[in-house]
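Order of listing sets the numbers, starting from 1, for every ligand and every atom in it. These values consider heavy atoms only, across backbone and side chains, with no hydrogens, waters or symmetry-generated copies. From a predicted model like this one, the values you see are computed outputs, not experimental measurements.
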Amino acid sequence: MKKYDSLVGGEWVCLGDYHENVNPSDVSDVIGLYSYGDAAGIDTAVAAARAAQPGWRNITPQARHDLLDAVGNTLAKRSQEIGRMLSREEGKTLAEGIGETMRASQVFKFFAGECLRQVGDIQPSVRPDIDIEITREPVGVVGLITPWNFPIAIPAWKIAPALAYGNTVVMKPADLTPGCAHVIAEILVECGCPAGVFNLVMGRGSTVGEALVSHPGVDAISFTGSVTTGHHIAEICGRMLKKVQLEMGGKNPMVVMNDADLSIAVPACINGTFFSTGQRCTASSRLIVEAGIHDEFAAAMTKAMGQLKIGDALDASTQIGPVVDAKQLNSNLEYVELARSEAAQVIGGERLELTKKGFYQAPALFLGTDNSMRINREEIFGPCGSIIKAENFDHALAMANDTDFGLTAGICTQNLKMAREFKRSAEVGMVMVNLPTAGVDYHVAFGGRKGSSYGPREQGRYAAEFYSTVKTSYQFAG
Ligand code: NAD
């Protein structure tokens, strides 16, 4: 069985015991053995990143561009093979795995361009004979902590801007999906990334993640993951006055109005709720449907959901792959039981035994629910969606906003006035009209409000806010 090590200071090093990376579509398929690091491994990685910092911040923008561009090209060239690996370790379908790899490629190529487009400001002073320049500088060493559900896109959208703005990196990927992170590290090395500029330490959140967040040599932490971990990280960073960016959960509403075109609304809700096995922070988990179209919509959703093909992620006909692991599957099944105990009508949601032994679950729709039920307040993070009946637009909007989260929200309507009002009033970071709540472009701001996100937005030019710091220089011209 092939063994994979962490990358520290340009060397592949075994920092601890090897752990199996198992395919959730077929638990007899072990992808590889990945070495888990510890706090001492983080110490050496941070030291390497600190040592590489001055060289990388002073290297030419052309050199940074060329590295990121080469990584983007390599990801695109190898997208079939990497997409396959992604589907094998995470369980999303092969088409989704290849699509996500292409997205990672596009992210690297976007930030390659940004290396050459970094601008500052020159402003006149209010005093005579003084010049003022406002410039952006790297933050320093950044720690990147990523979840398992987008194992190549999320690392890409953190690594690429971190490097583009002149930072050096220590990354800790999710322990469930070290394979994709390892592939990105290999590609960075192959493309000529100088030693220490990018370091990868695999391992558990409670040891490696904790050590990275609390390390005094790390200037900033970018985290994507669950609310509980995010709050814990925020407390540590707050105490240390460390710059921090958190992208956490969602309980995203999709509003379907009486005038919605069901040929748009139903596919958008099927996609938003069930694709990627519902394991997207932007998934539509609350389908808020106006009374006049409620029964027709519920029937159409039930029918469309029943036609989804669940199976091995690598099988070309599969539309919904397995749940990522046994723990997540058990948690989903508990929520299905909770839905029953909260008096929802439950369609689907049962565990499926297929020929291959994996973590398969039928998609679930909860009917007759209201917004106060726990199934509609807590993030399930599985292929489960609720339908909630609304009296009218105002009622739907109020329920859409009545949540601790604020990542995405969608509306299906043909009424321009309602669409406009929804875009203006939804308390979220991203709004969709006649589109699934999940599925975003790679070159624009990504993030949310309330309990979903904290700190500056990710992606696009907005990433500069987090990965750089502003300096104002005054010079006497006399
Ligand atoms: P998680 O919080 O369990 O883990 C995320 C990462 O944090 C992993 O790398 C983990 O090892 C690490 N970690 C765990 N404990 C830590 C600690 N004490 N200190 C430092 N690091 C620690 O989340 P997950 O289960 O991997 O991911 C699923 C969650 O991610 C969902 O809640 C989902 O909504 C969220 N998510 C959010 C976005 C977004 O952009 N808003 C995107 C994808 C996923």
Side-chain angles (χ1 to χ4, degrees), residues 19 34 36-39 42 89-92 100 103 143-158 170-178 180-181 200-215 218 221-237 240 242 244-252 276-285 323-325 327-329 331-332 378-382 403-408 428-430 437-440 442 445-459 462-463 466:
H19 292 252
Y34 291 78
Y36 278 15
D38 55 11
I42 285 292
E89 75 170 350
E90 198 271 353
K92 64 180 66 173
E100 189 184 325
R103 182 194 172 96
L144 309 180
I145 300 180
T146 56
W148 48 262
N149 66 329
F150 283 93
I152 205 141
I154 294 181
W157 82 51
K158 293 185 191 296
V170 178
M171 183 168 99
K172 193 220 89 68
D175 35 337
L176 280 177
T177 53
C180 287
L200 173 76
V201 182
M202 298 175 289
R204 300 227 181 273
S206 52
T207 50
V208 175
E210 193 84 21
L212 183 59
V213 173
S214 47
H215 201 294
V218 175
I221 294 286
S222 177
F223 165 83
T224 301
S226 63
V227 172
T228 317
T229 312
H231 284 194
H232 176 67
I233 289 175
E235 277 173 27
I236 299 173
C237 291
M240 298 180 80
K242 195 174 279 197
V244 65
Q245 171 184 60
L246 309 171
E247 291 297 343
M248 300 172 284
K251 196 71 194 172
N252 310 295
S276 299
T277 323
Q279 298 173 150
R280 293 187 286 190
C281 50
T282 48
S284 327
S285 43
V323 174
V324 74
D325 71 350
K327 189 167 160 239
Q328 184 67 50
L329 175 60
S331 162
N332 296 349
E378 298 169 17
E379 184 183 47
I380 300 176
F381 219 56
T403 171
D404 292 340
F405 296 101
L407 192 56
T408 63
V428 291
M430 296 169 288
T437 55
V440 295
Y442 64 86
F446 178 94
R449 295 190 201 170
K450 302 202 287 197
S452 289
S453 304
Y454 179 80
R457 291 281 185 269
E458 298 203 79
Q459 302 197 56
Y462 292 84
F466 181 74

(request) Output yes when the distance from some N or O of ligand 1 to some N or O of S206 is under 3.5 Å, and no in every other case. (result) no
(message) If the cut-off is 4.0 Å to any non-hydrogen atom of F223, which atoms of ligand 1 fall inside it?
(response) 2 (O), 5 (C), 6 (C), 7 (O)
(request) Could you tell me the separation between the NZ atom of K450 and the CE atom of M248, rounded to the nearest 0.5 Å? (result) 13.0 Å
(message) With nothing but distance in play, are any N or O atoms of F446 less than 3.5 Å from an N or O of ligand 1?
(response) no
(request) With side chain to side chain donor-acceptor pair (under 3.5 Å) as the test, would you mind laying out the steps for T403 and K251 before giving the verdict? (result) CA-CA 7 Å; T403 171; K251 196 71 194 172; over 6 Å; no
(request) May I ask you to check whether E458 has an N/O atom sitting below 3.5 Å from an N/O atom of ligand 1? (result) no
(request) Show which atoms of ligand 1 fall inside a sub-4.0 Å distance from at least one heavy-atom site of I154. (result) 42 (C), 43 (C)
(message) Please compare C281, G209, G448 and report which has the shortest non-hydrogen distance to atom 42 (C) of ligand 1.
(response) C281
(request) List the steps, then state whether side chain to side chain donor-acceptor pair (under 3.5 Å) holds for T177 with E89. (result) CA-CA 6 Å; T177 53; E89 75 170 350; 4.7 Å; no
(message) Test of understanding: given a 4.0 Å heavy-atom threshold, classify the contact between I233 and ligand 1 as side chain, backbone, both, or neither.
(response) side chain
(message) Please report the interatomic distance NZ(K172) to OG1(T207), rounded to the nearest 0.5 Å.
(response) 7.5 Å
(request) Tell me which protein heavy atom sits closest to atom 28 (C) of ligand 1, plus the residue, atom name and distance to 0.1 Å. (result) F381 CE2, 3.6 Å
(message) Taking 4.0 angstrom as the limit and counting only heavy atoms of T146, give me the atoms of ligand 1 inside it, by number and element.
(response) 6 (C), 8 (C), 9 (O)
(message) For Y454, is the OH atom crowded, meaning more than 12 foreign heavy atoms sit under 6.0 Å from it?
(response) no
(message) If the cut-off is 4.0 Å to any non-hydrogen atom of I145, which atoms of ligand 1 fall inside it?
(response) 6 (C), 7 (O), 9 (O), 12 (C), 20 (C), 21 (N)
(request) Return a yes/no value: protein heavy atom under 4.0 Å from atom 26 (O) of ligand 1? (result) yes
(request) Using the six-membered ring wherever Trp is involved, compare the ring planes of W157 and F446 and label them parallel, tilted or perpendicular (cut-offs 30° and 60°). (result) tilted
(message) Give me the nearest non-hydrogen protein atom to atom 15 (N) of ligand 1 as residue plus atom name, then the distance to 0.1 Å.
(response) T229 CG2, 3.4 Å
(request) Please report which non-hydrogen protein atom sits nearest to atom 13 (N) of ligand 1, along with the residue it belongs to and the distance in Å to one decimal place. (result) G205 CA, 3.4 Å
(message) If we check side chain to side chain contact (heavy atoms under 4.5 Å, CB included) with T224, which of these qualifies: S453, P147, C281?
(response) P147
(request) Quick one: pull up NE2 in H231 and OG in S226 and give me the separation to the nearest 0.5 Å. (result) 9.5 Å
(message) Can you report which non-hydrogen protein atom sits closest to atom 24 (P) of ligand 1, along with the distance?
(response) W148 NE1, 3.4 Å
(message) Measuring from non-hydrogen atoms of F150 to any atom of ligand 1, is the shortest distance under 4.0 Å?
(response) no
(request) Find out whether E100 and P151 are in side-chain contact, i.e. whether some heavy atom of one side chain is under 4.5 Å from a heavy atom of the other. (result) yes
(message) Can you tell me if T228 contacts ligand 1 (heavy atom of the residue under 4.0 Å from the ligand)?
(response) no
(message) So, applying side chain to side chain contact (heavy atoms under 4.5 Å, CB included) with W148, which one of D175, I154, D325, L176 is it?
(response) L176
(request) Decide whether an N or O pair under 3.5 Å exists between E379 and ligand 1. (result) yes
(message) E210 versus ligand 1: do any nitrogen or oxygen atoms come within less than 3.5 Å of each other?
(response) yes
(request) Enumerate the atoms of ligand 1 whose separation from the nearest heavy atom of H232 is less than 4.0 angstrom. (result) 18 (N)
(request) Please confirm whether N149 comes within less than 3.5 Å of ligand 1 when only nitrogen or oxygen atoms on both sides are compared. (result) no
(request) Identify the protein heavy atom lying closest to atom 11 (O) of ligand 1, giving its residue, its atom name and the separation to 0.1 Å. (result) K172 NZ, 2.9 Å
(message) Can you check which of P178, S226, G143, A174 brings a heavy atom nearest to atom 2 (O) of ligand 1?
(response) S226
(request) Under 4.0 Å from a heavy atom of D175: give me the atoms of ligand 1 that qualify, with their elements. (result) 11 (O)
(request) For E90 and K92, indicate whether the former's side chain and the latter's backbone hold a donor-acceptor pair under 3.5 Å. (result) yes
(request) Kindly confirm or rule out an N or O of S452 lying under 3.5 angstrom from an N or O of ligand 1. (result) no
(message) Keeping Q245 on the side-chain end and P456 on the backbone end, is there a donor-acceptor pair under 3.5 Å?
(response) yes
(message) Whether the side chain of T437 engages the backbone of T282 through a donor-acceptor N/O pair (distance < 3.5 Å, no angle test) should be reported.
(response) yes
(message) If the cut-off is 4.0 Å to any non-hydrogen atom of L407, which atoms of ligand 1 fall inside it?
(response) 41 (N)
(message) Could you check whether any side-chain N or O of N149 sits under 3.5 Å from a backbone N or O of Q279, counting only pairs where one atom can act as donor and the other as acceptor?
(response) yes
(message) With respect to T224, determine whether any N or O atom, backbone or side chain, lies less than 3.5 Å from an N or O atom of ligand 1.
(response) no
(request) Could you tell me whether the side chain of I236 reaches within less than 4.5 Å of the side chain of E210, counting heavy atoms only? (result) yes
(request) Return yes if some donor-acceptor pair links the side-chain N/O of S452 with the main-chain N/O of G249 below 3.5 Å, else return no. (result) yes
(request) Please verify whether a non-hydrogen atom of P173 lies at under 4.0 Å from ligand 1. (result) yes
(request) List the closest protein heavy-atom neighbour of atom 41 (N) of ligand 1: residue, atom name, distance to the nearest 0.1 Å. (result) M248 O, 2.7 Å
(request) Please indicate whether any nitrogen or oxygen in G225 is less than 3.5 Å from any nitrogen or oxygen in ligand 1. (result) yes
(message) When you compare the side chain of I380 with that of N332, does any pair of heavy atoms fall below 4.5 Å?
(response) yes
